[in-house]
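Just below is one structure, and these are the notes that go with it.
In what follows, chains carry the letters A, B, and so on, assigned in the order in which the sequence lines appear, proteins first and then strands, with residues in each chain numbered from 1.
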There are 2 protein chains.
Amino acid sequence: MTAADDRDPEAKRHAERFQRVREAHQTEVAEDYVELIAQLIEKTGEARVVELADWLGVTNATVNNTIQRLQRDGLVTSKPYRSIFLTDKGRGLAEASRRRHEIVRDFLLALGVDSETAETDSEGIEHHVSDATVQAFRRFLAKPKS
Amino acid sequence: MTAADDRDPEAKRHAERFQRVREAHQTEVAEDYVELIAQLIEKTGEARVVELADWLGVTNATVNNTIQRLQRDGLVTSKPYRSIFLTDKGRGLAEASRRRHEIVRDFLLALGVDSETAETDSEGIEHHVSDATVQAFRRFLAKPKS
DNA sequence: ACTCAAACTTAGCATACACTAACTTTTATC
DNA sequence: GATAAAAGTTAGTGTATGCTAAGTTTGAGT
Ligand SMILES: [Mn+2]
Ligand SMILES: [Mn+2]
Ligand SMILES: [Mn+2]
Ligand SMILES: [Mn+2]
């Protein structure tokens, strides 16, 4: 220990959990963007700013700002007035996000949640499920209906 | 319709889901703070800035800023250099948050997720489960083990 | 009552994410 | 190919959330 670290160890664990949630929120926007970009490219051949804005419910200007951050972080490439492409890193994140999102959504559906709620809730929950929880969801999905 | 609203209806629904998630994130910090304040008061008799900072993993200064926002929003009261109290509204939010949080955590445990993961993941998930999903979790918890 | 450490506050800064308004570029249409 | 609409960009603004560093207040121990 570099310094006196003699606080309540329960407080410490509690704090670490919150730090985890804060980290998840930092990657959340990136995950949703690359996932959507991949879907748009797959469905329509390209990902454009207007389309992203339309599907995300934000303005063009906001999408532009975010795309610049994603580019800075090596997830996408884009040239002025052109459509947006994923880097290898971006494609990897998109693929992992898509799979995890699908499991969360399918799990909620299997639990008996209605379709629209499953879509809405999974959009937020997906960013907060660790691998262990995803595994538990998978196990549940694999189980034959009782 | 006030203007031409002739975009892909699927995009529109998709966008609404994201708006939901953004709303959840706006209330998230408030929920975690009042829940923790209630717990500290219950356990130690009062809620102090240092304690909150310790349990949340942020600095005193950050807690101070947030407490000011919560006060502005009518969830807590506090006088300079004194401990923090919940308003009726704050107590109500704390109570609702606590209940929902417990159900999410217990649900993950019942699914077979290990204790530390359940604590960590539920800290993020709790803010993204709608009433319908909470009901589904409850049903699962009520069901006798297969 | 003094002293000093702990607690708290304030000031100043930074980043993320959102917006509107104004401007530029591209592209579709004639 | 000129023109208008659509798409994209930029500038400027605001809030939430975090930080560090510097100051103030409180309260505990002597
Ligand atoms: Mn999402
Ligand atoms: Mn909680
Ligand atoms: Mn939480
Ligand atoms: Mn979240």
Short side-chain N/O contact to [N] OP1/OP2 from [X], under 4.0 Å:
| X | N | result |
| --- | --- | --- |
| A/R82 | C/dT27 | yes |
| B/N64 | C/dT9 | yes |
| A/Q68 | D/dT10 | yes |
| A/R22 | D/dC19 | no |

- prompt: Parallel, tilted or perpendicular: which fits the ring planes of A/F140 and B/F140, with parallel below 30° and perpendicular above 60°?
  reply: perpendicular
- request: If the plane angle is over 60° it's perpendicular, under 30° parallel, otherwise tilted; pick one for A/F137 and A/F107.
  value: parallel
[X] [atom1] to [N] [atom2]: how many Å, rounded?
| X | N | atom1 | atom2 | answer |
| --- | --- | --- | --- | --- |
| B/I67 | D/dT17 | CD1 | P | 12 Å |
| B/L52 | C/dT9 | CG | C1' | 15 Å |
| B/I84 | C/dT9 | CD1 | C1' | 12 Å |
| B/K79 | D/dT26 | NZ | C1' | 15 Å |
| B/N65 | D/dA16 | CG | P | 11 Å |
| A/R48 | C/dT25 | CZ | P | 16 Å |
| B/R72 | D/dT15 | CZ | P | 9 Å |
| B/D54 | C/dC8 | CG | C1' | 15 Å |

statement: Winner on side-chain proximity to B/T59, out of D/dT20, D/dG18, C/dC19, is D/dT20
message: Starting the side chain at C-beta, find the nucleotide from D/dC19, D/dG8, C/dA18 nearest to A/V49.
response: D/dG8
- request: Classify the nucleic acid contact of B/V63 as base, sugar-phosphate or nothing, counting any heavy atom under 4.0 Å across all strands shown.
  value: nothing
query: Passes salt bridge (charged side-chain N to carboxylate O under 4.0 Å, His left out), B/R13 versus B/E16? Steps please.
result: CA-CA 5 Å; B/R13 251 176 292 128; B/E16 282 163 359; over 6 Å; no
- prompt: Are the side chain of A/R98 and the backbone N or O of A/E35 linked by a donor-acceptor pair below 3.5 Å?
  reply: no
- prompt: So which one's nearest nucleotide on DNA chain C is more toward 5', B/V50 or A/T62?
  reply: B/V50
task: Specify the residue among A/T66 and B/E51 whose closest nucleotide of DNA chain C lies further upstream toward the 5′ end.
output: B/E51
field: Residue mapping more 5' on DNA chain D - nearest nucleotide basis, A/A61 or B/H25
entry: A/A61
- line: Contacts of B/N60 and B/R69 projected onto DNA chain D by closest heavy atom; the upstream (5') one is B/R69
message: Please determine whether any donor N or O and acceptor N or O are separated by less than 3.5 Å between the side chain of B/Y81 and the base of D/dT24.
response: yes
field: Check against ring pair (Phe, Tyr, Trp, His ring centres under 6.0 Å), A/H127 and A/H101
entry: CA-CA 8 Å; A/H127 311 284; A/H101 194 156; 7.4 Å; no
